[in-house]
There are 2 protein chains.
Amino acid sequence: MGRANGMGETETSSPPHTFGLPIPLVRIRGVFDTLPRSERKVADYVLDHADEVIYSSVTDLAQALEVSESTVVRFCQRLGYQGYPEFKILLARDLGTPFRDTYDTLDPQDDVATIVRKTFQMSIQAVNDTLAVLNPDSVREVVNLLLSAHHVFLFGCGGSGGSAQIAYQKMLRLGLPCSVCTDPHTQTLLAGMASKQDVVIGISYSGNNEDIVRTMRVALERQAKTVAITNYPISPLAKMANVVLLTGAAETPLVSESGPSRVVQLAVIDVLCTYYLLRQRTPDGLS
Amino acid sequence: MGRANGMGETETSSPPHTFGLPIPLVRIRGVFDTLPRSERKVADYVLDHADEVIYSSVTDLAQALEVSESTVVRFCQRLGYQGYPEFKILLARDLGTPFRDTYDTLDPQDDVATIVRKTFQMSIQAVNDTLAVLNPDSVREVVNLLLSAHHVFLFGCGGSGGSAQIAYQKMLRLGLPCSVCTDPHTQTLLAGMASKQDVVIGISYSGNNEDIVRTMRVALERQAKTVAITNYPISPLAKMANVVLLTGAAETPLVSESGPSRVVQLAVIDVLCTYYLLRQRTPDGLS
DNA sequence: ACGAAGATGAAAATTATTTCCTGCTTCTTT
DNA sequence: AAAGAAGCAGGAAATAATTTTCATCTTCGT
């Protein structure tokens, strides 16, 4: 009901027009030579400032170019569009979403919106980088360990303690018998109680945290299965681990705790839990 | 010679003033739950018929939906656009982009590498979505609060407790006087000690956690400045907050604790810390 | 149940777009 | 080189689209 009556009403709303050539920029170049003087002015401007034009009205454009509005409209119609609005829409489609300054660095002069965008972009970049360095085989290996684990210990200090905490909550909800500890002393004590059937996951961005390394060494001595989540494959922590899950967060110039290092830890944890869940549901042997 | 005069105002026409990325579809999903009935109708239709909408006028759309034109315009403005035309243009750009949201669903048949890729992709998508719903003005507001805060309290329960923990570590290193608490009872006690000059940040994905809401209410009564980090703008937590920082993680079909909900919390926290640092370094007055 | 806050649509006000008309230029033809 | 034809350009009127205002109605919280 809604659709039928609404559309047929006005002639201007004809849905499927200009099927043939919806590519304004190309078409402009095609007819450029045949355009009269004023319209050529319009064409020039549009080709140069397409991303401004799509936000301008006929009047804006006409004024900027010092031509009449009629000229702009005629220009659009000559190109084959019904009028200026249609031209603008197609131009916008043609342009696509601007992702221009994605990789640039933070500038104190930037306004908040830009800071936000750039910071988020860095997180995304870090996740992508992690995708590149994280070995899927290691993921499978760890999930295999988790599936047969009697108990899972999660250890992290400082910021990584937060990641451990989050991992703990996720795993709890997956039905994994697990515990978390962010206190260095207690960690070591707990690790001393780990058995061969247990999995000990140590999290440290730098892989250099003494407490975690010590804890992992203890776990290793107890023959527990040790897993490291770290950014550095040759770190002391990585040496203590049976399996290493590598993150790929770039160093940040600001402060050590700043930047997306935690984001990627969580991304890795998320993968573990997701894959665990899938494996739990389907009988083994796949993948 | 004629060039000089027209330029000053016209050329600027309207640099898209919208914050974040101009991704209408994501933004619609972000605010969908907060929309009134009629506007939700519009949202539904736009999500379903985006490629027709870009050729329709307000009148067309209003008729097709059997709502008033005012509603359509209000809908666009609520989304943050100046009006319908701007919305339409941005929508068109969005559509034009070839690789839009890749909501690849997980398939138990996938091999590990694919699972990893898809899971990471979901995190990236969530960060992008958050970029679309997070209001930079709110970020600035919160950082202003932080800059003049006597003390910052960070509260979260469960998984969000981990996020709070990470935020605490980051802020500590920025020299912010702060404390974190993940125990419901103690939280409330602490909040009862907050003063007018303090900032209380409550983190909860759903915004429904009773403990956090209670804690925030106490903080509000103490006239502390309250900040919420949540995915739901109309949640009880959001109501208790002077400023709301919105995340944009899509619901995940798996488990509540799964998915990138934590990742985006961290991304938001990261932005806070980054911008705080920049502001700290440069004398005020910018942006 | 009552009041306040908010949602909705009708219509008015504003703004944008298109058409129409006129004067002008340019090109062609002689 | 001059006259006519063709068609271009701009102003203004006409039309259409968009936004605001305002009165009414609904809903939510107390």
Side-chain angles (χ1 to χ4, degrees), chain A residues 2 6-7 9-14 17 31-46 52-92, chain B residues 2 6 9-10 13-14 17 31-46 52-92 213 217 233-236 238-240:
Chain A
M7 286 306 161
E9 194 81 66
T10 53
E11 51 178 315
T12 60
S13 64
S14 47
H17 34 246
V31 300
F32 190 88
D33 293 332
T34 75
L35 292 176
R37 193 171 47 82
S38 290
E39 292 179 29
R40 198 172 291 200
K41 251 165 101 176
V42 180
D44 268 329
Y45 189 85
V46 171
E52 290 169 28
V53 169
I54 58 173
Y55 299 112
S56 311
S57 68
V58 179
T59 315
D60 293 337
L61 196 55
Q63 280 188 359
L65 287 163
E66 296 179 327
V67 300
S68 70
E69 286 126 347
S70 338
T71 300
V72 175
V73 172
R74 272 191 300 257
F75 166 78
C76 299
Q77 292 171 336
R78 189 191 303 264
L79 251 39
Y81 307 106
Q82 259 178 226
Y84 181 69
E86 180 177 315
F87 166 75
K88 228 170 48 170
I89 289 290
L90 266 344
L91 186 60
Chain B
E9 51 169 40
T10 51
S13 58
S14 53
H17 69 293
V31 301
F32 190 87
D33 293 330
T34 76
L35 292 177
R37 192 174 45 82
S38 290
E39 292 178 30
R40 198 173 290 201
K41 250 166 99 176
V42 180
D44 270 329
Y45 188 85
V46 171
E52 289 170 28
V53 169
I54 59 173
Y55 298 113
S56 312
S57 67
V58 235
T59 314
D60 294 337
L61 196 55
Q63 281 189 357
L65 286 163
E66 295 178 329
V67 301
S68 71
E69 287 135 12
S70 340
T71 300
V72 175
V73 172
R74 271 191 300 259
F75 167 77
C76 299
Q77 292 172 338
R78 190 189 301 265
L79 250 38
Y81 307 104
Q82 253 171 225
Y84 181 71
E86 180 176 317
F87 165 76
K88 228 171 46 170
I89 290 289
L90 264 351
L91 186 61
V213 173
R217 182 178 296 118
I234 53 165
S235 59
K239 284 215 180 68
M240 293 297 136

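Values below: all heavy atoms of this structure, side chains included; hydrogens, waters and symmetry mates excluded.
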For residues [X] and [Y], determine if any side-chain heavy atom of one lies less than 4.5 Å from a side-chain heavy atom of the other.
X: A:Tyr84; Y: A:Glu69; value: no
X: A:Thr71; Y: A:Ser68; value: yes
X: A:Ser70; Y: A:Val73; value: no

Whole-Å distance between [N] [atom2] and [X] [atom1]?
X: B:Phe87; N: D:dT18; atom1: CZ; atom2: P; answer: 12 Å
X: A:Tyr81; N: C:dT18; atom1: OH; atom2: C1'; answer: 18 Å
X: B:Arg40; N: C:dG6; atom1: CZ; atom2: P; answer: 17 Å
X: B:Ile234; N: C:dA5; atom1: CD1; atom2: P; answer: 19 Å

Exam field: side chain B:Lys41 to backbone B:Leu65, donor-acceptor pair closer than 3.5 Å: yes

Donor-acceptor contact below 3.5 Å, side chain B:Lys88 vs main chain B:Ser56: yes

Bending between helix ends of the helix from C:dA1-D:dT30 to C:dT30-D:dA1 [5 pairs per end, 10° resolution]: 30°

Partner residues of A:Glu39 under the salt bridge (charged side-chain N to carboxylate O under 4.0 Å, His left out) criterion, sequence neighbours left out: A:Arg78

By salt bridge (charged side-chain N to carboxylate O under 4.0 Å, His left out) - contacts of B:Arg40 (at least two apart): none

Spacing of CD belonging to B:Glu86 relative to CD belonging to B:Gln82, to within rounding of 0.5 Å: 5.0 Å

Value rounded to 0.5 Å, distance of CG in A:Leu79 from CZ in A:Phe32: 11.5 Å

Just the atom pairs and distances: protein N or O near nucleotides 28-30 of chain D's N or O, under 3.5 Å.
none

Base versus backbone protein contacts along nucleotides 7-17 of chain C [heavy-atom cut-off under 4.0 Å; B, S, -]: SBBBB----SB

Residue list, ring pair (Phe, Tyr, Trp, His ring centres under 6.0 Å) with A:Phe87, at least two apart or on another chain: A:Phe75, A:Tyr81

Short side-chain N/O contact from A:Gln82 to OP1 or OP2 of C:dT18, under 4.0 Å: no

Heavy-atom closest pair, residues B:Val46 and B:Leu91: CG1-CD2, 4.1 Å

